[in-house]
Amino acid sequence: MKFESLVNPTVLKQPVYEPGKPIEEVARELGLDPAGIIKLASNENPFGPSPRALAAARAALEHGELYPDGGCFALRQKLAATRGLAADQFIVGNGSNEVIELLGHALLRPGDEVVMGAPAFVVYKLVTLLFGAKAVEVPLVQHRHDLGRIAAAVTPRTRMVYVCSPNNPTGTANSETEMLAFARAMPEHVVTVFDEAYAEYVEPTPDLRPLVREGRNVVCLRTFSKIYGLASLRVGYGYAAAETAALLNRVRQPFNVNAIAQAAAIAALDDHEFTAKCVRENRAGLARLEAGFRELGREFVPSVANFILVHVGDGLKVFDTLQRRGVIVRPVKSYGLPEWIRVTVGTREQNERLLAELKRALG
Ligand SMILES: Cc1ncc(COP(=O)(O)O)c(C=O)c1O
């Protein structure tokens, strides 16, 4: 029998995640020199990995023959000390993407509903569909999560609600007060998930830890892929009530996070100098891009994250033109925004190059 006729029918309907293209792939396809290409497509850190993390990762490689600590003991201890929670309130994943999947494993049954903003990070929907659950998408209002509307979409079948703040792809955020009130008002059968992948860029960063301390049904997601510059190593985490973290632990693979990533993450948490620089440069970069978009007469969505949406008319066309010129950005048609592109804030030089190429591309 053909494999296709044997697979779970849910898999046949499953949409495929479209990542930002790697530099090497673009170089290969377009015959460009990879050294001349800049990637502003996946909200990575243009300043590279945290230097402390890089040194720790190199040292950890020396023991590449050993399995990692599956329980991420030292990393959870460090997170506890850094974030003022207990070590058993953390669940570490192969990127925060994995924690999103663990939530699916632990919580979702066919017919359950998961409420999320639209557009928001597409993996919430992908994981929801993979488990046979229904994605209930609530349109953003002025590119921002409207928490009142999201709360109104909750039904007795709702199992989870996702709030992404700052939101990918819009870069907009909800306030700490709003998010705390929202989670406190959720009915008991609903788990509220706050995705804080870009929270470190927000000044001041909203503090959602009171919800965990109050024992609410919440899971907050963070990642080392963005401000700490470790996207390639794949490490992220959730913090939640200890009972919640323990249940999520049951559904992960035994060695889900490699030792190099664990060592790098521990060191990154101490690299305050690096993260402060990244926040500072990002703030200046956003201001520069906004000024540049204004000069080009282009609408943009004011952002508090390390990326920004700009209106370009035909997003796919502009994406393609920029890519041929060695600047990779993200078209967001699949997010329902065909007239926009999403641009990661780069170094000063990269931002200037993007603006110059965009000007050219827009004629
Ligand atoms: C909002 C949001 N959440 C989660 C992730 C996943 O990050 P990672 O799996 O690298 O931790 C991303 C990545 O782009 C994101 O934008």
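For ligands, and for the atoms within them, numbers begin at 1 and follow the listed sequence. Bear in mind the structure is a predicted one, so any value in this text is a computation, not a measurement.
The residues lining ligand 1, counting any heavy atom closer than 4.0 Å, are G95, S96, N97, F121, C164, N168, D195, A197, Y198, T223, S225, K226, R234.
In this structure, the side chain of S165 does not engage the main chain of A173 through any donor-acceptor pair within 3.5 Å.
For the pair R83 and Y239, the cation-pi test (distance below 6.0 Å, angle within 45°) is passed.
When each of V318, L316, L337 is checked for a side-chain contact (heavy atoms from CB on, under 4.5 Å) with P331, only L316 meets the rule. A side-chain contact (heavy atoms from CB on, under 4.5 Å) with V161 is found for one member of L147, V136, V218, V154 and no other, namely V154.
Here F131 and H105 bring their ring centres to under 6.0 angstrom of each other. Under the 6.0 Å cut-off for aromatic ring centres, Y201 and Y198 do not qualify, their centroids lying 6.0 Å or more apart.
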